[in-house]
Structure formats: structure tokens, C-alpha cells
Amino acid sequence: MLHLKFIRENQALLVDRLKLKNFDATKLVSEIIQLDDQRKQTQNMQDNKQAEVNKLSREIGNLFKSGQQAEANKAKADSSRLKEEIKTFNSKMQEISSSMESLLIQIPNIPHESVPPGKGEQDNIEVYREGDMPELGKEALPHWDLGKKYDILDFELGNKLTGAGFPVFKGKGAKLQRALIQFFLDEAIKAGYNEIIPPLMVNEDSGFGTGQLPDKEGQMYYIPSENYYLIPTSEVPITNMYRDVILGTKDLPVKNTAYTPCFRREAGSYGKDVRGLNRVHQFDKVEIVQIVHPDKSYDCLDEMVNYVEQLLQKLELPFRIMRLCGGDISFTSALTFDFEVYSAAQQKWLEVSSVSNFEDFQANRLKLRFREESGKKNRVAHTLNGSALALPRIVAALLENNQTPKGIQIPPYWFLIPDSNSLIKQKDLPRVYQGIQQLHRF
RNA sequence: GGAGAGGUGACCGAGUGGUUGAAGGUGCACGCCUGGAAAGCGUGUGUACUGCGUGAAACAGUAUUGAGGGUUCGAAUCCCUCUCUCUCCGCCA
């Protein structure tokens with residue numbers, strides 16, 4: 001959420017910039033300002049009354065000490081009267097602040113100036129593309145058929161056990177999943193991220209802290225008996241670790257990574273884009289999260305984009321980077337880059353990562369601050385996160401793009417070889433994909 | 001699930017009705033000292049909001065000792081509800 005002070009001081013800018021997100025904030029902003037004026041006025045009156053009461057109370061204490069009973073009792077009566085008046089102000093203040101809260105959380109984050117205008121996906125701007133599109137020929141199968149053919153991926157079994165969107169990975173399919181998780185985590189750790197294993201359920205406060213609540217309540221699975229939510233991404237627990245925390249300057253940047261399953265109801269999304277692994281209710285993801293000094297958050301965003309880029313290079317998947325337009329960027333984000341890999345058998349781009357700078361939008365809600373080195377002022381930090389990476393569509397593209405008449409042959413050099421229990425060292429391997437070195441035939 | 005004990009500042013920790021926003025310590029910042037550091041010494045050090053300021057500082061006010069409510073002229077201190085943590089017992093992967 002945006003800070004009230006910021007809204008007050010930047011009304012015109014705010015309304016103007018939010019147009020990019022196709023959000024008309026005019027009415028909301030003027031309501032907020034009005035309400036805030038009321039709040040100030042009311043608080044001022046309440047404070048003055050309260051100051052009188054406090055003063056009186058001190059006097060009463062002194063009167064009792066010096067044995068002046070009569071005066072003390074008179075002052076008591078005055079004080080009681082004032083207290084009644086204060087009650088009125090008090091309830092008004094409560095009313096105002098709850099209205100204020102509900103207005104404030106309706107305002108989305110301000111998009112960065114580089115965010116292009118647009119209504120939706122189709123208006124996102126491709127900023128970079130790399131890799132060759134594989135030519136697979138006519139017999140090429142989409143991953144859901146490959147999964148069945150090699151018995152590594154079973155959607156029907158998932159239906160039986162749970163329901164649609166809960167795939168079962170079997171045999172080498174499961175092993176591939178595990179290997180990718182390990183690979184992504186190891187890479188993140190090499191890049192300086194600290195590995196975390198968080199809870200998979202979070203409470204309401206956490207959901208609110210990162211902005212999933214109340215905005216996306218319907219997208220999360222909810223456990224009524226405990227009032228817990230299944231995490232839609234590890235961003236939620238990993239960022240909320242720092243809720244109500246004041247960091248030291250030297251603690252920054254905080255770099256954390258986590259692998260978790262993610263649970264999403266994906267309510268309302270049906271149709272052809274949801275086949276197979278393209279959209280599921282439970283999936284695995286390695287997430288990277290940073291908490292940084294506000295002056296450095298855009299450098300940090302670049303760093304994270306570069307990081308994700310080299311992951312995809314290592315996987316030898318053709319990919320492109322999209323700068324999300326105002327209409328497609330999330331409520332909480334100021335600037336987002338999406339990564340999409342090309343799935344040759346489906347002949348389409350699949351989103352596999354989303355890297356965002358939230359600036360202070362999340363941190364405001366979280367009350368996540370740090371102590372500035374010079375001067376003693378606390379400042380709100382900036383938060384960023386990115387998927388590095390989400391597994392299902394990566395798996396889909398790996399299976400599809402690497403299918404051959406002899407089987408699926410995935411370039412192995414990033415791969416944990418479970419049998420030898422070691423990682424093949426990256427430096428021993430060619431930078432550019434020059435052919436399959438070792439077959440992993442399913 | 002049963003019983004008990006607790007929750008005080010960035011951290012530890014005193015405080016059981018009247019200048020207590022809170023002793024003491026640690027940490028942190030600055031200064032002195034040092035060739036440099038450590039140690040030592042000194043000073044400072046919560047947050048949010050309101051008023052007054054163009055702004056900041058300073059000053060004044062209010063709130064804040066897990067959350068919410070109550071008693072009282074006055075609550076960190078007494079009462080109630082909730083919540084969390086710890087200990088013991090039970091159950092258990």
C-alpha cells in the first residue's frame with residue numbers, strides 16, 4: 001500500500017500514473033484526502049482534551065499528597081466530564097481510521113515510468129529474445145502426450161487422487177522434477193541467496209503483508225479450521241519473515257531463496273491454455289526474494305533479470321523477456337519482467353518467471369524498515385522477487401523441445417546425476433549447446 | 001487435549017496504581033584515546049500521529065510496555081476476553 005503522506009503530496013502524479021494501470025484513482029484520492037483532513041481535525045481536538053485530563057490527573061495526585069481532599073474531589077468530577085467528551089472523539093477516530101484503511105488498500109502500486117501503456121498481455125513489449133526454435137517435425141507431441149507415452153507424467157491419476165490440476169510425476173519424471181529443484185536451489189545459493197524452507201501455510205497477517213489479501217483471496221486455498229491459507233508462492237512466507245522488522249543498513253541486501261510447492265485455485269481460468277502442465281493447482285517453484293536499499297532496487301531488478309536469464313541459457317531453452325504493460329502488471333508491482341520459454345510442440349510461449357520490483361508497496365504494509373547509516377532515521381525498504389524458476393512449464397518445454405525418435409534427450413550438464421551423487425561441473429561444459437552429450441532417455 | 005508460568009525498547013532485562021517513554025546492561029552512532037585496532041572514557045540513541053514550520057531540525061501535545069475491552073481522577077502495574085511463547089503431563093510421525 002502507498003503511504004498516506006505520499007498520496008497527499010503527489011495527488012496529481014498518482015492519478016496520472018495510475019491511468020497506466022487503467023485505474024482511475026481520482027475519486028478515491030479525493031475521498032482519502034477528505035477523510036484525512038477529518039482525521040487530523042478530530043485527532044487534534046481529542047489530543048487537546050486528553051492533554052487536559054492528563055494534566056488534571058497529575059494535579060489530583062499532588063492534591064491528595066498534600067491532603068487537599070475537597071479540591072481533589074472537585075478536580076475528579078471535572079476529569080470525568082472531560083472523559084465523556086473524549087469518548088465521542090475516540091469512536092469517531094476509530095470510524096475514520098477503518099474507513100481510511102479500506103480506501104488505502106484499494107489503491108494499486110504506481111507503475112514505474114518505463115511501464116508501457118496497454119490493456120493486457122497482447123500489449124506487453126518484448127525486450128529481448130535468445131535461442132533457436134527447435135524444428136520438431138509433424139510427429140512432435142505436446143508434453144501431456146509425451147508424459148503418457150513414457151509414463152512419467154500422469155494427469156488422470158491426479159484426477160483420481162485429488163482433482164484436475166494436480167499432476168502426478170512418476171519415475172524419471174519425478175526424478176527430473178527433483179533434479180530441477182536441486183539445480184535451481186544450488187544456482188541461487190551460488191548467486192548469494194540464503195536457502196529457506198518456510199511453512200506452506202500462512203496466517204491472515206502474512207497474506208495481507210504481501211498483498212494477496214484482500215485482493216486475491218479467492219485465488220488461495222483456505223483452511224477454515226485454522227484460518228490458514230496455503231501459500232500461492234513462497235514469496236509470501238519469505239517476505240513476511242521481515243514483517244515488523246527493522247534491519248540495519250549492513251543487513252542489506254537481504255537475499256533469500258526457497259523451494260516450495262505452490263497452491264493456486266486459478267478460479268475462473270479454463271480453456272485451451274490450461275492443458276497439461278500449462279496451468280495447475282499445485283506446482284513446484286524456486287523463488288528468489290531480495291530486500292534492498294530504496295536507491296538500489298532497480299539495479300537489483302536488473303541483477304535478478306540477468307540471473308533468471310542465465311538459468312534459461314543453461315537449460316538451453318529459447319526464451320524471450322517481456323516488459324509488462326500497465327494493464328498486465330500486478331496490483332502490487334511497480335515494474336515486472338516476465339520470462340517466456342518457447343514450447344515447440346505447442347508452438348507457443350509459456351510464462352516461466354516473473355521478476356518484479358515492488359518498491360515500498362509491500363514494505364509499507366509489512367512495516368519493513370531499515371536504519372539509515374547516516375542519521376538515525378528509519379526508512380522503508382524495497383522488496384523484489386522473482387521465480388527462478390517455476391517448474392511445470394519448464395518441464396513442459398524441456399520434454400517437448402528435446403523429444404527425438406529415440407526418446408527425450410535433455411542436455412544433462414546442469415543435471416544432478418543421482419547415481420554418481422554429484423554435480424557435473426559447469427566449467428567443464430560448453431557455453432553453447434552443441435549437441436547432446438549424454439542421453440537421458442525416458 | 002489437561003495443568004502451570006510468562007509476553008516490557010534493535011536485543012537482554014528491572015519495574016505491582018501517581019512526572020515511568022520506562023532503571024540497568026548489550027548493541028548501534030558520534031567524539032576522545034591509539035601508529036591502527038581492541039579495551040577504556042564521554043555523549044547520544046524507539047515508533048507513529050497532531051500542532052507550529054516551505055521543508056528539516058527544534059519545540060509542544062497525544063498514543064504506544066502481545067492485541068482488544070474494563071475498573072480508576074490516574075494503569076506497564078488491577079480485572080475480563082483473545083493471542084502467542086515456554087515448562088510439565090497426555091497423544092503422536
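Note on naming: letters A, B, ... go to the chains in the order of the sequence lines (proteins, then strands), and numbering restarts at 1 for each one. Hydrogens, waters and symmetry mates play no part in the numbers below; they use all other heavy atoms, side chains included.
In this structure, the side chains of A/I196 and A/M241 come closer than 4.5 Å at one or more pairs of heavy atoms. The side-chain heavy atoms of A/Y259 and A/L391, taken from C-beta on, include no pair separated by under 4.5 Å. For the pair A/L301 and A/F337, the minimum side-chain heavy-atom distance is below 4.5 Å.
Salt-bridge annotation for A/R8 and A/D37: present, with a side-chain N of the basic residue lying under 4.0 Å from a carboxylate O of the acidic one.
Taking the ring axis of A/F283 as reference, the NZ or CZ atom of A/R264 does not stay both within 45° of it and closer than 6.0 Å to the ring centre.
Spacing of P atoms, B/G46 relative to B/G36, comes out at 32 Å, to the nearest Å. Annotation: B/U43 and B/A48 have their C1' atoms spaced 27 Å apart (nearest Å). Across the C1' atoms, B/G17 and B/A22 are found 15 Å apart, a figure rounded to whole Å. B/G13 and B/G6 have their P atoms separated by 14 Å, given to the nearest Å. Comparing the same atom, C1', in B/G40 and in B/C52 gives a spacing of 44 Å after rounding to whole Å. For B/U65 and B/A10, the C1' atoms lie 15 Å apart once the distance is rounded to whole Å. B/C30 and B/G7 have their P atoms separated by 35 Å, with the value rounded to a whole Å. One P atom belongs to B/U71, the other to B/C11, and the distance between them is 33 Å to the nearest Å.
With rounding to whole Å, A/I7 atom CD1 is found 13 Å from B/C49 atom P. The nearest whole Å value for the distance from the NZ atom in A/K40 to the P atom in B/A48 is 16 Å. If you take CG of A/N48 and C1' of B/U62, they are 9 Å apart, rounded to a whole angstrom. Spacing between atom CE of A/M93 and atom C1' of B/A48 amounts to 11 Å, rounded to whole angstrom units. If you measure from atom CG of A/D205 to atom P of B/G68, you get 13 Å, rounded to the nearest angstrom. For the pair A/K367 NZ and B/G46 C1', the computed distance is 15 Å after rounding to whole Å. Summarising the geometry, the separation between CD on A/E52 and C1' on B/A60 is reported as 15 Å, rounded to the nearest angstrom. Remark: P of B/U62 and NZ of A/K55 are 11 Å apart, rounded to the nearest angstrom.
The aromatic rings of A/Y221 and A/F263 lie perpendicular to each other, with more than 60° between the two planes, well past the 30° mark.
Glycosidic conformation, B/G74: anti, with the torsion outside 90° of 0.
Between the side chain of A/N240 and the backbone N or O of A/S206, at least one donor-acceptor pair lies under 3.5 Å.
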Criterion salt bridge (charged side-chain N to carboxylate O under 4.0 Å, His left out) on A/E187 and A/K190, from CA distance to verdict: CA-CA 5 Å; A/E187 287 291 304; A/K190 263 193 267 172; 2.9 Å; yes
Structure string for RNA chain B in dot-bracket form, Watson-Crick and G-U at under 3.5 Å, | interchain: ((((((((.[[[..)..(.....]]]((((((.......))))))((((((.......)))))).[[[[[..)....]]]]])))))))....
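Of the candidates B/G61, B/C49, B/U47, the closest approach to any side-chain atom of A/D47 belongs to B/G61.
Under 4.0 angstrom from either OP1 or OP2 of B/C49 there lies at least one side-chain N or O belonging to A/H3.
Along RNA chain B, the nucleotide nearest A/R369 and the nucleotide nearest A/K5 are compared for position; the residue whose nucleotide lies closer to the 5' end is A/R369.
Between the side chains of A/Y193 and A/Q290, at least one donor N or O sits under 3.5 Å from an acceptor N or O. For the residue pair A/Q106/A/E31, the side-chain donor-acceptor check at 3.5 Å is not satisfied. Looking only at atom types and distance, the side chain of A/N109 has no donor-acceptor partner in the side chain of A/T332 under 3.5 Å away.
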Heavy-atom protein contacts under 4.0 Å, nucleotides 69-74 of chain B, coded B base, S sugar-phosphate only, - none: S--BBS
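Within the 4.0 angstrom heavy-atom criterion, only backbone atoms of the sugar-phosphate kind lie near A/Q50; the bases stay farther away.
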